[in-house]
**Student:** 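Sending over a structure as structure tokens; questions will come in a sec.
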Amino acid sequence: MDEQRAHKLLLAYERGWLAFSMLMLFVFIALIAYTLVTHTRGVIPAGALEHVDPTTVRTEGPFAQSGVIQTGPNQYTAYVQAFTFGYLPNPIEVPKGAEITFKITSPDVIHGFYVEGTNLNVEVIPGEVSTVKYTFKRAGEYRIVCNQYCGIGHQNMFGKIVVKE
Ligand code: CUA
């Protein structure tokens, strides 16, 4: 192979890699742009967007009573406050086999609402209502754990759900 041909081959090889890296650059910029466009509307809590005033949530509206309300023949809504450092009501008492709609909000900072032994796991954001439905098939006690760091008492933030026969 003469020197001229080897040089041409090398040039073609270089151009190939140059084109590839330019293409990757374009792909990454496009991905960043896509993320910026689609993920800048804040954190969206579980369920539909529903707002409450975190400053009055303890004293006014359904969360002030924080309890379980029967809404149908076998349906209940549990209004729950997650606060530093606990849950209200505590325990949350619900019947076995009923469809429970949990509506959870926070009067202070972001908390977690994870129920051990279930797939119930939502973030609780002040000013927003997180909504999840669940049906407990076994009676007994379930521990609620806060899995969002919320301050000095975070590791002691627990609640309890009592499922009755
Ligand atoms: Cu509440 Cu961590």
Side-chain angles (χ1 to χ4, degrees), residues 24 27-165:
M24 290 317 284
V27 167
F28 292 144
I29 290 171
L31 278 176
I32 292 168
Y34 172 78
T35 311
L36 282 178
V37 168
T38 54
H39 290 77
T40 45
R41 292 187 197 151
V43 183
I44 298 171
L49 271 186
E50 195 181 328
H51 305 284
V52 281
D53 183 349
T55 60
T56 58
V57 97
R58 286 182 198 267
T59 49
E60 287 169 24
F63 289 98
Q65 271 81 43
S66 285
V68 182
I69 292 165
Q70 185 158 13
T71 53
N74 203 24
Q75 291 165 318
Y76 295 80
T77 297
Y79 288 93
V80 180
Q81 281 185 47
F83 61 94
T84 50
F85 298 99
Y87 297 90
L88 257 182
N90 193 29
I92 303 168
E93 294 190 359
V94 295
K96 182 181 122 181
E99 185 190 83
I100 317 294
T101 303
F102 288 94
K103 286 186 172 285
I104 317 152
T105 195
S106 161
D108 39 55
V109 297
I110 292 183
H111 296 283
F113 183 88
Y114 167 60
V115 183
E116 280 180 350
T118 73
N119 61 358
L120 271 175
N121 188 3
V122 291
E123 210 170 35
V124 185
I125 304 163
E128 309 284 353
V129 179
S130 297
T131 305
V132 270
K133 282 191 201 311
Y134 196 79
T135 300
F136 291 91
K137 296 194 176 83
R138 277 185 304 112
E141 289 189 2
Y142 296 75
R143 189 158 74 142
I144 310 167
V145 179
C146 177
N147 54 10
Q148 288 283 335
Y149 182 75
C150 54
I152 201 86
H154 161 72
Q155 71 274 15
N156 301 318
M157 179 165 170
F158 299 108
K160 201 202 283 180
I161 295 175
V162 176
V163 180
K164 293 173 291 183
E165 283 288 349

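Remember, it's 1-based here, ligands and their atoms both numbered in the order they're listed.
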**Student:** Taking the side chain from Tyr114 and the backbone from Glu116, do they hold a donor-acceptor pair closer than 3.5 Å?
**Tutor:** no

**Student:** Out of Val129, Leu88, Ile104, which residue meets the side-chain contact (heavy atoms from CB on, under 4.5 Å) rule with Phe63?
**Tutor:** Val129

**Student:** Would you say Glu141's side chain and Lys160's backbone share a donor-acceptor pair under 3.5 angstrom?
**Tutor:** no

**Student:** Check whether any side-chain N or O of Asn74 sits under 3.5 Å from a backbone N or O of Gly97 as a donor-acceptor pair, and report yes or no.
**Tutor:** yes

**Student:** Give the name of the N/O/S atom in His154 that lies closest to atom 2 (Cu) of ligand 1.
**Tutor:** ND1

**Student:** How open is the angle at atom 1 (Cu) of ligand 1 from atom ND1 of His111 over to atom SD of Met157, rounded to 10 degrees?
**Tutor:** 90°

**Student:** Kindly report the O-atom 2 (Cu) of ligand 1-SG angle for Gln148 and Cys146 respectively, rounded to 10°.
**Tutor:** 90°

